[in-house]
Amino acid sequence: MPELPEVETMVRGLRSRVKRKTITNLWTDEKKIIHHPSFNFFKKSLIGQTIVDVERRGKIIVFKFKPKGFLLVHPKMTGHFLALKEKPSSSYLKKKSAHLMLVLSNDLYLVWTDQRKFSRIEYWPDKTISEIPWLKELGAEPLELSFSEFNRLMDNRRTRVKSWLLDQRFIVGVGNIYANEVLWSAKINPEQPVIELSKDQRKKLLIDLKKILKRAIINRGTSVAEYRDISDQEGHYANYLKVYGRPGKPCPRCGREIIRKMTGSRSTYYCPKCQA
DNA sequence: ACAATATCCTGCGAGC
DNA sequence: TGCTCGCAGGATATTG
């Protein structure tokens with residue numbers, strides 16, 4: 001599941017290869033992942049556009065075009081780009097669950113693969129970045145967040161702290177892996193209501209969140225399922241996971257057995273002793 | 001305001 | 001071995 005560190009890794013890989021390149025052709029076999037505009041208009045209007053940069057907003061990859069326009073790509077569970085120097089065969093595309101391919105002017109084939117087809121792609125040719133509806137819904141970037149702003153976003157929230165961390169309207173980029181890891185690191189129970197967290201707990205939560213996200217970026221993300229970077233390589237942060245995906249194993253801090261429990265439809269992993 | 005549930009889709013593991 | 005079946009999971013919509 002790509003979260004902030006995985007998407008950041010993808011964006012950094014993409015940037016140097018696609019900057020100042022023009023989309024010369026485009027292929028898809030799955031029109032439904034294109035949420036805006038209609039597929040015919042998407043294809044017609046995107047061909048000929050020149051990319052000036054690639055950025056990340058939360059878990060969304062944002063391609064910026066010259067002189068205007070934005071292509072947004074959200075990987076959801078299993079989406080990722082592969083950058084290929086040669087035209088891939090149709091059997092390769094099928095094997096990789098490719099659903100979109102952008103052909104660039106430097107003969108780079110940018111293939112979007114998505115096993116589960118949950119990913120979402122939008123192209124906004126005329127809007128400024130602040131006018132794009134999807135981006136307007138997003139909360140703060142955790143790596144650029146001050147404690148006072150973080151604290152303000154928690155004001156009067158009665159929801160469980162894990163749900164709050166996952167809710168992209170407050171802070172962006174945190175998914176199930178890093179939510180579990182940061183709560184373990186900060187010794188906070190995932191079901192504790194946000195409103196009940198002390199100032200010290202909140203401070204530690206933000207500090208540990210930044211620390212873990214940065215460390216994960218340095219390690220090029222976590223490959224627990226099928227996440228790969230644009231060169232099809234795994235990230236290494238899975239080696240550092242303390243609780244995520246480790247039910248029944250001892251807590252690295254106190255030795256108590258790690259518990260797995262469902263909150264909503266999501267697995268929550270925590271240490272019942274450290275995170276009482 | 002918050003919780004729970006269905007939805008999308010596919011691969012995988014459990015059970016037989 | 002090989003089949004069916006249930007289910008995870010990010011975000012969203014809907015209902016409670």
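Bear in mind that the values here come from a model prediction, so they are computed numbers and not experimental data. When reading the values below, keep in mind they use all heavy atoms of this one structure, side chains included, and skip hydrogens, waters and symmetry mates. Naming convention: chains lettered A, B, ... in sequence-line order (proteins, then strands); numbering from 1 in each chain.
When atom types are taken as modelled, the side chain of A:Gln201 and the backbone of A:Ser198 share a donor-acceptor pair closer than 3.5 angstrom.
With sequence neighbours excluded, the residues that form a salt bridge (Lys or Arg N to Asp or Glu O under 4.0 Å) with A:Lys204 are A:Asp208. Qualifying side-chain contact (heavy atoms from CB on, under 4.5 Å) partners for A:Asp232, counting only residues two or more places apart in sequence or in other chains: A:His80, A:Leu82, A:Lys96, A:Arg228. In this structure, the side-chain contact (heavy atoms from CB on, under 4.5 Å) partners of A:Gln275, at least two apart in sequence or on a different chain, are A:Leu183, A:Trp184, A:Pro190, A:Tyr270, A:Cys271. In this view, A:Arg220 and A:Asp229 satisfy the salt bridge (Lys or Arg N to Asp or Glu O under 4.0 Å) rule, not counting sequence neighbours. Shown here are the salt bridge (Lys or Arg N to Asp or Glu O under 4.0 Å) partners of A:Arg57, two or more places apart in sequence or in another chain: A:Glu141. Applying the salt bridge (Lys or Arg N to Asp or Glu O under 4.0 Å) criterion to A:Glu191, with sequence neighbours excluded, gives A:Arg160, A:Lys261.
Whole-Å rounding puts the A:Met1 CE to B:dC8 P distance at 22 Å. If you measure from atom CD of A:Gln115 to atom P of C:dG10, you get 15 Å, rounded to the nearest angstrom. The CE atom of A:Met262 sits 16 Å away from the P atom of B:dA3 (whole-angstrom rounding). Put simply, CE on A:Met77 is 7 Å from C1' on C:dA8, counting in whole angstrom units. Regarding A:Lys95, its NZ atom lies at a distance of 18 Å from the C1' atom of B:dT10, rounded to whole Å. Atom-to-atom, NE2 of A:His99 to C1' of B:dC8 comes out at 13 Å; the value is rounded to the nearest Å. Between the C1' atom of C:dC7 and the CG atom of A:Asn176 lies a distance of 15 Å, rounded to the nearest Å. Atom-to-atom, CD1 of A:Ile177 to P of C:dA8 comes out at 16 Å; the value is rounded to the nearest Å.
Taking 4.0 angstrom as the limit, A:Ser267 places a side-chain polar atom (N or O) nearer than this to OP1 or OP2 of C:dG9. A:Lys59 has no side-chain polar atom (N or O) that falls below the 4.0 Å cut-off from OP1 or OP2 of C:dG10. Considering only side-chain N and O atoms, A:His74 lies under 4.0 angstrom from the phosphate OP1 or OP2 of C:dA11.
Within the 4.0 angstrom heavy-atom criterion, no nucleotide atom of any strand lies near A:Ser97. Heavy atoms of A:Asp114 sit nowhere under 4.0 angstrom from any nucleic acid atom.
Pairs of residues two or more places apart, or lying in two chains, never qualify as ring-ring contact (aromatic ring centres under 6.0 Å, His included) while including a residue from residues 2-29 of chain A. Residue pairs meeting the side-chain hydrogen bond (donor to acceptor under 3.5 Å, both in side chains) criterion with at least one partner in residues 237-250 of chain A, sequence neighbours excluded, do not occur; the list is empty. For the side-chain hydrogen bond (donor to acceptor under 3.5 Å, both in side chains) condition, the pairs that include at least one residue of residues 33-51 of chain A, sequence neighbours left out, are A:Thr22-A:Thr50.
The overall bend of the helix from B:dC2-C:dG16 to B:dC16-C:dG2, read as the angle between its terminal helix axes built from five base pairs each, is 50° when rounded to 10 degrees.
In this structure, A:Trp164 and A:Phe170 have parallel ring planes: the angle between them is below the 30° cut-off, well short of the 60° mark.
Note that A:Lys203 lies in the cation-pi zone of A:Phe147, set by a 6.0 Å cut-off to the ring centre and a 45° limit from the axis.
Relative to the side chain of A:Lys32, the nucleotides C:dG9, C:dA11, B:dC8 differ in distance, and B:dC8 lies closest.
By the 5.5 Å and 30° criteria, A:Phe118 is not stacked with the base of B:dC9.
The stretch residues 150-163 of chain A comes close to DNA chain B through A:Asn156, A:Arg157, A:Arg158, A:Thr159, A:Arg160, each having a heavy atom under 4.0 Å from the strand.
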Distances under 3.5 Å only, N/O to N/O: pair up the protein atoms with those of nucleotides 12-16 of chain C.
unit_1, atom_1, unit_2, atom_2, d
C:dT12, OP1, A:Trp134, NE1, 3.2

